Amino acid sequence: MAAPSPVAVVCIGMAGKSRLVSMTALGLTLGGSGKTTFMQRINNYLHVHKKKPYVLNLDPAVLNVPFQANIDIRDSINYKEVMKQYHLGPNGGILTSLNLFATKIDQIISLLEKRAQPDPESKMVPPQHFLVDTPGQIEVFVWSASGSILLESLASSFPTVIAYIIDTPRTSSTSTFMSNMLYACSILYKTKLPMILVFNKTDVQDADFAREWMTDFEKFQEALHEEESKGVFGGEGFGGSGYMGSFLNSMSLMLEEFYSHLNMVAVSSMTGEGIDDFFEAVEEKRKEFERDYRPELEKRRKQREQESANRKEEELTKVMRDMNMESRGKPAPRFPAEDSENDEDDGLEPDDYPDQEKDDDEEASLKRRYQNALKEQGGLDENDPYLARMVAETRRSG
């Protein structure tokens, strides 16, 4: 009997200490969820249990990682050079680095597939887990074209699970708890992949309160009323008017269905407590992926292929129609340059539209660079709709 396919565990969480160091000069303060420390802990756990994982680092701006990555985006993409070349800020640099890396997705998936099914003569033991570390700027990964490409490509080849890392001490109030739940909800429905909520740092604060709030609506109501009575939401205005309490109450009712699709585990990346529970949840989500998610992914893949085929057929039909019209002797369109002597000068010069010419040149340059990367790496098709989205994202970032 063949061994089960490795499961890809994609860790997503707010930026941590290494990001705080790099962002200090910009005056930004970000609360770390302990994502990188969690990655280090689960990597160490698997090594100790003789289940060596295959590790991918997709964060191009991280200064140091406390684990050995088999595939590291920093080996092929120079984050600082990307910022300099495209005149971008930190977030735009990360997004564009991911876009460039996504052009190599075919090579990456090919490496993972070879590692998952090594040559029997090599006597290599295939990994049971692919561990994927992502940028601390969650929205840059989850909501970008490159993030979608990477996740969809992984999920099309391997069972894929999202591990959303939450800072437990910072989630102890009803408002911050609900904010995290709404964020997790948006990630779940954007990625359409099985998700595990990982309440980290339980060595600092126990996560029992979160489990109660997720499973017992009345417990959340009690905590909400207690905070209202203490004036946590303020005495006047937005909070004191009762709006905040009413809003959180409504959200808790709405999210009851959302909670039923999640596994929640409490862990400590520092002590290793709860890591066994996490991998039990991963195994449960692997089965859920095969049962519920893979058929839906196959359906979406076939829809995309059909849409692509329809688009190509429409383009071919248009070309054939144009050729037929020309063959019937329809006069070719007249260009201004051909009749410049006969037509009156409209008085408009190219210099009248410098911004338009600059925008067109920049877009053409960006598209040309991405297309060159595609040709060199054999990645995405240059007609793929994601290519246009990558160009647009990079231009907005600049």
Side-chain angles (χ1 to χ4, degrees), residues 8-43 55-69 71-75 77-80 82-83 88-102 130-151 154 161-171 176 179-188 190-191 193 195-201 204 267-270 393-394 397:
V9 180
V10 182
C11 295
I12 295 176
M14 295 296 181
K17 289 181 180 178
S18 60
R19 181 78 64 216
L20 284 171
V21 172
S22 62
M23 295 294 189
T24 300
L26 301 174
L28 301 178
T29 54
L30 303 171
S33 61
K35 174 176 60 69
T36 302
T37 310
F38 176 76
M39 274 284 298
Q40 179 187 21
R41 173 58 66 178
I42 60 177
N43 181 41
V55 183
L56 293 79
N57 172 46
L58 301 184
D59 189 346
V62 67
L63 299 178
N64 297 292
V65 288
F67 50 81
Q68 182 66 42
I71 297 178
D72 196 329
I73 187 174
R74 297 176 300 170
D75 292 338
I77 306 293
N78 188 319
Y79 166 68
K80 291 184 178 179
V82 168
M83 288 177 62
L88 301 171
N91 287 350
I94 294 173
L95 187 147
T96 303
S97 296
L98 283 170
N99 284 348
L100 292 168
F101 190 70
F130 293 132
L131 305 182
V132 184
D133 194 15
T134 61
Q137 278 73 1
I138 297 179
E139 66 283 353
V140 169
F141 180 78
V142 175
W143 298 97
S144 67
S146 51
S148 298
I149 292 168
L150 292 164
L151 284 176
L154 267 178
V161 176
I162 301 293
Y164 181 52
I165 319 301
I166 299 172
D167 185 343
T168 305
R170 292 177 181 266
T171 315
T176 54
S179 297
N180 266 287
M181 294 303 102
L182 289 173
Y183 213 132
C185 182
S186 68
I187 294 172
L188 176 69
K190 174 63 174 69
T191 62
L193 292 170
M195 176 182 284
I196 302 171
L197 293 183
V198 181
F199 281 84
N200 195 15
K201 305 183 182 180
V204 178
V267 307
S268 170
S269 297
M270 293 300 294
E393 286 174 346
T394 301
S397 300

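The structure displayed is predicted, hence computed values, not measured ones. All heavy atoms count here, side chains included; hydrogens, waters and symmetry mates do not.
- Remark: S186 pairs with W143, Y183 by the side chain to side chain contact (heavy atoms under 4.5 Å, CB included) rule, at least two apart or across chains.
- Put simply, CD1 on I149 and CG on N99 are 7.5 Å apart, with the number rounded to the nearest 0.5 Å.
- Rounded to the nearest 0.5 angstrom, C11 SG and I196 CD1 are separated by 9.5 Å.
- The closest side-chain heavy-atom distance from T36 to P66 is below 4.5 Å.
- At least one donor-acceptor pair under 3.5 Å links the side chain of T168 to the backbone N or O of N200.
- Contact between S97 and I73 at its shortest, heavy atoms only, is O-CD1, 4.0 Å.
- When the side-chain hydrogen bond (donor to acceptor under 3.5 Å, both in side chains) test is applied to K80, no partner is found at least two apart in sequence or on another chain.
- Residues meeting the side chain to side chain contact (heavy atoms under 4.5 Å, CB included) test with D72, sequence neighbours left out: N57, A69, R74, D75.
- The two residues M83 and P90 have their closest heavy-atom pair at CE-N, 3.9 Å.
- Nearest approach of M195 to L188, heavy atoms of both residues: CE-N, 3.6 Å.
- Residues passing the side chain to side chain contact (heavy atoms under 4.5 Å, CB included) test with V10 are I12, V132, T134, F141, L151, L154, T160, I162, sequence neighbours excluded.
- You'll find the side chain of I71 reaches within 4.5 Å of the side chain of F101, heavy atoms only.
- At a threshold of 4.5 Å between non-hydrogen side-chain atoms, the residues K190 and S148 count as touching.
- Distance alone, capped at 3.5 Å, is enough to place a donor-acceptor pair between the T176 side chain and the R170 backbone.
- The nearest pair of heavy atoms linking L88 to T96 is CD1-OG1, 3.2 Å.
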TODO: Please test L95 against Q137 for side chain to side chain contact (heavy atoms under 4.5 Å, CB included), starting from the C-alpha separation and ending with a verdict.
DONE: CA-CA 9 Å; L95 187 147; Q137 278 73 1; over 6 Å; no
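- Closest heavy-atom contact between I166 and M181: CD1-CE, 3.8 Å.
- For F38, the ring pair (Phe, Tyr, Trp, His ring centres under 6.0 Å) test picks out F278, with sequence neighbours left out.
- Scanning for side chain to side chain contact (heavy atoms under 4.5 Å, CB included) contacts around T37 gives Q40, S269, M270, with sequence neighbours left out.
- Taking CG of L58 as the reference point, atom CG of L150 lies at 6.0 Å (rounded to 0.5 Å).
- Among residues at least two apart or in separate chains, salt bridge (charged side-chain N to carboxylate O under 4.0 Å, His left out) pairs with a member in residues 133-142 are K35-D133.
- The two residues V198 and A163 make their nearest non-hydrogen contact at CG2-CB, 4.3 Å.
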